[in-house]
**Q** 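What follows is a single structure, and I will ask about it in a moment.
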Amino acid sequence: MYTTELQKSNQVRAIEDPEKLAAFEARVAADEFIEPKDWMPEAYRRTLTRQISQHAHSEIVGMLPEGNWISRAPSLRRKAILLAKVQDEAGHGLYLYSAAETLGTSREEMIEALHSGKAKYSTIFNYPTLTWADIGAIGWLVDGAAIMNQVPLQRTSYGPYARAMVRVCKEESFHQRQGYEIMMAMCAGTADQKRMAQDALNRWWWPSLMMFGPPDADSPNTAQSMRWRIKRETNDELRQKFVDITVPQAEALGLKVPDPALEWNEARGHYDFGEVDWEEFYAVVRGEGPVAKERMAARREAWEEGAWVRDAAAAYAEKQAAKKAA
Ligand code: FAQ
C-alpha cells in the first residue's frame, strides 16, 4: 500500500526544521531554482534522486531496442542517422547521472540499483523492435512522448535537472522528426511498407501512452512533486496533450490509431480515448515485460565488459593527480 499524500506531507513536516522548510517552499513558489548546495527537505532529495536516476536508466536502456537495428538500417544515410541518435541517448544518460550525483548518490550506487532490479526504467523499453518500421515508430511516438514529458521539466525546480533538460529536449525533437520522416517514407512506399508502418503503430501506441505513468488518481508521487514543482504537469495532462498532437500526425500519414474509442470531443476541445491496459503496465513495471530479461542481461554484460575502461580511466586520473602533486 502506498503512503497517502497527507501522511507523506505530515512526515515531511514532522522531520524537517519548520523555518528551513518554509523558506525552501517560498523559494520554490517563487520559481527559483534549487541548487545542489542549497538546503532541501530529505524527501525532495529522495524524489529527485529517484526520478532523475530512473530517467538516466531509461536513456541508457533505451539505446538497446534501436542499437539492435544499426547494422540492419536500410541505407548508409539511415545507418548514420540512427547511430547519431543512439549516441545522443548515451549523452542524455550521462548528463542525467551527473545531475543525480549532485544530490549525493554515486553513479555506482545508481547502476547497482538498476542491475539489482531495485530502480525502475521506462516500461517502453521492454518491448521488442521487430521491423524497421519500429524504428520510425519509436522516433515518432516514444521520442514524441518523451519530449511532451520533458519540455515542462526544463522548468523543474532543481537547477541541474532543468538545465540538462534544455539540451536533451533539443536533441529529442530531432529524434522525433527523424522517426516521423521514416514513417512518411514507409507510408509513401509499397503496400507492404505501409502495412509495416501500421503494424508498428498498432504495437507502439498503447505502450507509448503508458510512458506518462499511472492515472493521476493512482499516482503516489504526483501531488507532492507538483507542489515542489519537480513535475510541472500531471501524468494525465501530458498523456492528453500527447494524444491531441499525435492523432492528426497519424491521419496525415494515412494510418489508423488502434483505439476504437478515439473520438474528437468538441465540448472538451480534446480527443476522448480508450482506457490503457493498466494491468499490463504494472506487470511491465514489475519486470515482466516481453524482453525485460534480455534488456537487463545486455546492460549487465555491457557493465562487466566495460570494467577495464573504467579501471584504465581511474588509473590514468590517479597518475595525473600524482604528477600534479609532485
Ligand atoms: N515506466 O507516482 P508516479 C526516453 C513508476 S526517456 C516505469 O506517477 P512519478 C528517451 C514510477 O517510477 C523515458 N515505471 O511516479 C528515449 C513510480 O515508482 P517508484 C523516461 C513507471 O515519478 C527515447 C510508480 O510507477 N522518461 O524515452 C512509469 O511521479 C527513445 C508510480 O508512478 C522519464 O523518466 C513508466 N512508464 O511519475 C530514449 C521522464 N511510470 O519510483 C531512447 C522523467 C511510472 O515510486 C529512445 N520522469 N512509473 O517506485 C517522470 O516524468 C516521472 O518519473 C514519470 C512518473 C512521469 C515517468
Side-chain angles (χ1 to χ4, degrees), residues 2-3 5 8 43 46-69 82 85-93 96 99-100 113-114 117-127 129 134-135 137-154 156 158 161 164-165 168-169 171-176 178-179 204 206-228 230-239 242 276 278 280-289 292 295:
Y2 285 120
T3 319
E5 266 314 306
K8 264 192 191 173
R46 253 198 330 272
T47 298
L48 273 167
T49 304
R50 174 185 66 78
Q51 178 167 326
I52 305 173
S53 65
Q54 292 183 168
H55 192 167
H57 300 327
S58 302
E59 300 282 356
I60 299 293
V61 178
M63 295 167 73
L64 296 169
E66 288 173 295
N68 187 31
W69 275 90
L82 185 57
K85 178 185 192 290
V86 174
Q87 281 177 334
D88 284 351
E89 309 298 0
H92 299 173
L96 286 162
L114 172 67
K118 211 173 110 203
K120 298 183 170 72
Y121 60 90
S122 184
T123 44
I124 193 77
F125 302 116
N126 293 300
Y127 293 85
T129 37
D134 289 26
I135 301 304
I138 289 182
W140 171 33
L141 302 172
V142 175
D143 286 278
I147 301 172
M148 192 55 77
N149 168 278
Q150 288 167 13
V151 164
L153 291 176
Q154 295 176 107
T156 187
Y158 188 56
Y161 193 23
M165 281 300 107
V168 168
C169 284
E171 293 178 351
E172 298 288 25
S173 68
F174 155 73
H175 296 170
Q176 194 272 352
Q178 70 83 37
W204 290 92
W206 292 106
S208 297
L209 297 192
M210 293 175 195
M211 286 176 71
F212 297 96
D216 295 349
D218 301 324
S219 161
N221 300 301
T222 292
Q224 181 63 274
S225 288
M226 291 290 286
R227 243 191 325 275
W228 278 339
I230 293 173
K231 286 165 89 163
R232 306 298 307 234
E233 291 184 54
T234 71
N235 301 357
D236 287 334
E237 285 165 358
L238 292 169
R239 192 169 9 251
F242 175 75
V276 172
W278 293 113
E280 175 179 326
F281 167 79
Y282 287 114
V284 180
V285 170
R286 284 196 304 271
E288 296 163 22
R295 296 287 185 249

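Remember, it's 1-based here, ligands and their atoms both numbered in the order they're listed. We're numbering straight along the sequence, starting at 1. Just so you know, these numbers come straight off a predicted model, no measurement behind them. Quick note: numbers below take in every heavy atom, side chains included, and nothing from hydrogens, waters or symmetry partners.
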**Q** Pull out every atom of ligand 1 sitting under 4.0 Å from any heavy atom of Gln150, numbered as shown with elements.
**A** 6 (S)
**Q** Pairs of nitrogen or oxygen atoms closer than 3.5 Å, one from Tyr161 and one from ligand 1: do any exist?
**A** no
**Q** Please determine whether side chain to side chain contact (heavy atoms under 4.5 Å, CB included) holds for the pair Asp134 and Trp69, giving the CA-CA distance in whole Å, both sets of side-chain angles, and the decisive distance to 0.1 Å.
**A** CA-CA 10 Å; Asp134 289 26; Trp69 275 90; 5.6 Å; no
**Q** How long is the span from the CD1 atom in Ile147 to the CG atom in Asp143, to the nearest 0.5 Å?
**A** 6.5 Å
**Q** Tell me the contacting part of Phe125 for ligand 1: side chain, backbone, both, or neither, using a 4.0 Å heavy-atom threshold, strictly below.
**A** side chain
**Q** Could you list which atoms of ligand 1 come closer than 4.0 Å to a heavy atom of Ser58?
**A** 13 (C), 20 (C)
**Q** Picking from Lys231, Gln150, Glu233, Arg232, what satisfies side chain to side chain contact (heavy atoms under 4.5 Å, CB included) with Leu238?
**A** Glu233
**Q** Between the candidates Thr123, Asp88, Leu96, which shows the shortest non-hydrogen contact distance to atom 36 (N) of ligand 1?
**A** Thr123
**Q** Ligand 1 versus Gln51, non-hydrogen atoms closer than 4.0 Å: side chain, backbone, both, neither?
**A** side chain
**Q** With atoms numbered from 1 as shown, which atoms in ligand 1 lie under 4.0 angstrom from a non-hydrogen atom of Val142?
**A** 23 (C), 30 (C)
**Q** Mind checking the CG-CE spacing from Asn126 to Met210? Nearest 0.5 Å is all I need.
**A** 11.5 Å
**Q** Have a look at ligand 1 and work out which part of Met210, if any, has a heavy atom under 4.0 Å from it: side chain, backbone, both or neither.
**A** backbone
**Q** Nearest to atom 25 (O) of ligand 1 by heavy atom, Gly213, Ser219, Pro214: which?
**A** Pro214
**Q** Show me which atoms of ligand 1 lie under 4.0 Å from any heavy atom of Phe212.
**A** 56 (C)
**Q** For a side chain to side chain contact (heavy atoms under 4.5 Å, CB included) check, start with the C-alpha distance between Glu66 and Thr129, then their side-chain angles and the critical distance, and finish with the verdict.
**A** CA-CA 7 Å; Glu66 288 173 295; Thr129 37; 5.6 Å; no
**Q** Evaluate the side-chain proximity of Gln51 to Asn221: yes if any heavy-atom separation is below 4.5 Å, no if none is.
**A** no
**Q** If we ignore angles and hydrogens, is there a donor and acceptor under 3.5 Å between the side chains of His175 and Glu172?
**A** yes
**Q** Using a 4.0 Å cut-off to any heavy atom of Gly62, which atoms of ligand 1 qualify?
**A** 42 (C), 46 (C)
**Q** Under a 4.0 angstrom heavy-atom cut-off, which atoms of ligand 1 come close to Glu59?
**A** 6 (S), 10 (C), 16 (C), 38 (C)
**Q** Just by modelled atom types, is the Asn235 backbone N or O under 3.5 Å from a matching donor or acceptor in the Asp216 side chain?
**A** yes
**Q** Find the distance between OG (Ser53) and NZ (Lys120) and round it off to the nearest 0.5 Å.
**A** 10.5 Å
**Q** So between Glu172, Lys231, Lys85, whose heavy atom ends up nearest atom 37 (O) of ligand 1?
**A** Lys231
**Q** Atom NE2 of His57 and atom CG of Leu114: how far apart are they, to the nearest 0.5 Å?
**A** 4.5 Å
**Q** So how far is it from Trp228 CH2 to Thr156 OG1, rounded to the nearest 0.5 Å?
**A** 12.5 Å
**Q** Can a non-hydrogen atom of Met63 be found less than 4.0 Å from any atom of ligand 1?
**A** no
**Q** Any N/O of Glu66 closer than 3.5 Å to an N/O of ligand 1?
**A** no
**Q** Should Asp236 and Arg239 count as an ion pair when the cut-off is N to O under 4.0 Å?
**A** yes
**Q** Using a 4.0 Å cutoff against the non-hydrogen atoms of Gln54, which atoms of ligand 1 qualify?
**A** 12 (O), 41 (O)
**Q** Check whether any side-chain heavy atom of Phe125 lies under 4.5 Å from a side-chain heavy atom of Ser58, and answer yes or no.
**A** yes
**Q** Using a 3.5 Å cut-off on N or O atoms only, is Lys120 in polar contact with ligand 1?
**A** yes
**Q** Does ligand 1 have any atom that is closer than 4.0 Å to a heavy atom of Ser225?
**A** no
**Q** If we set the cut-off at 4.0 Å for heavy atoms, which region of Asn149 has an atom near ligand 1: side chain, backbone, both, or neither?
**A** side chain
**Q** Of the side chain and backbone of Met211, name the one, both, or neither that has a heavy atom under 4.0 Å from an atom of ligand 1.
**A** both
**Q** Between atom CH2 of Trp206 and atom CD of Glu280, what is the distance when rounded to the nearest 0.5 Å?
**A** 10.5 Å
**Q** Measure Ala146 to ligand 1 on non-hydrogen atoms and call it side chain, backbone, both or neither using the 4.0 Å cut-off.
**A** side chain
**Q** Is Phe281 touching ligand 1 with its side chain, its backbone, both, or neither, if touching means heavy atoms under 4.0 Å apart?
**A** side chain
**Q** With heavy atoms under 4.0 Å as the rule, classify the contact between Asn235 and ligand 1 as side chain, backbone, both or neither.
**A** side chain
**Q** Would you say Arg50 has any N or O atom under 3.5 Å from an N or O of ligand 1, going by distance alone?
**A** yes
